[in-house]
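Remarks on the structure that follows.
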Amino acid sequence: ATRTAAPAPGARSAADIAWETIIVNRRGAMRVRGEEPFEMVGFPACPPDKANAAALIADLSASADELLAAAGDGMRTVT
């Protein structure tokens, strides 16, 4: 599996940024459902087992679906 690495020491990798998007989507869905979201401190690093394109694409898709489902019919389609 391909692992995305940080471009330089101290820099965030593409996987880290994608992972943060997944976490933000999940927290947003929780808020929309009226749940108390889990704590997020700083910038989350992508877990090593998720730092590959296939896993990130699957989790991004699932987290977006979760957010849209939480929003329900109130979410309009942008064309």
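The structure presented is a predicted model; accordingly, all values stated were derived computationally and were not measured.
- Listed here is the closest heavy atom pair of N25 and A64: ND2-N, 3.8 Å.
- Cluster annotation: M30 is connected to L60 through the hydrophobic network of ILVMFWY side chains, with a link wherever side-chain heavy atoms come within less than 4.5 Å.
- For R33, the side chain to side chain donor-acceptor pair (under 3.5 Å) criterion is met by E35, E66, not counting sequence neighbours.
- Looking at heavy atoms from C-beta onward, M40 lies in side-chain contact with R27 at the 4.5 angstrom threshold.
- Nearest heavy-atom pair, C46 versus A15, reported as atom, atom and distance to 0.1 Å: CB-O, 3.5 Å.
- Remark: side-chain polar atoms of S61 are not paired, donor with acceptor, to backbone N or O of I57 under 3.5 angstrom.
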Using distance only, find each side-chain donor-acceptor pair of residues 17-24 under 3.5 Å and give its atom names and separation, not counting sequence neighbours.
{"from": "E20", "atom 1": "OE1", "to": "R12", "atom 2": "NH1", "distance (Å)": "3.0"}
{"from": "E20", "atom 1": "OE1", "to": "R12", "atom 2": "NH2", "distance (Å)": "2.7"}
{"from": "T21", "atom 1": "OG1", "to": "I17", "atom 2": "O", "distance (Å)": "3.1"}

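- Formation of a donor-acceptor pair under 3.5 Å by the D16 side chain with backbone atoms of S13 is found in this model.
- Atom NZ of K50 sits about 4.0 Å away from atom CG of D59, to the nearest 0.5 Å.
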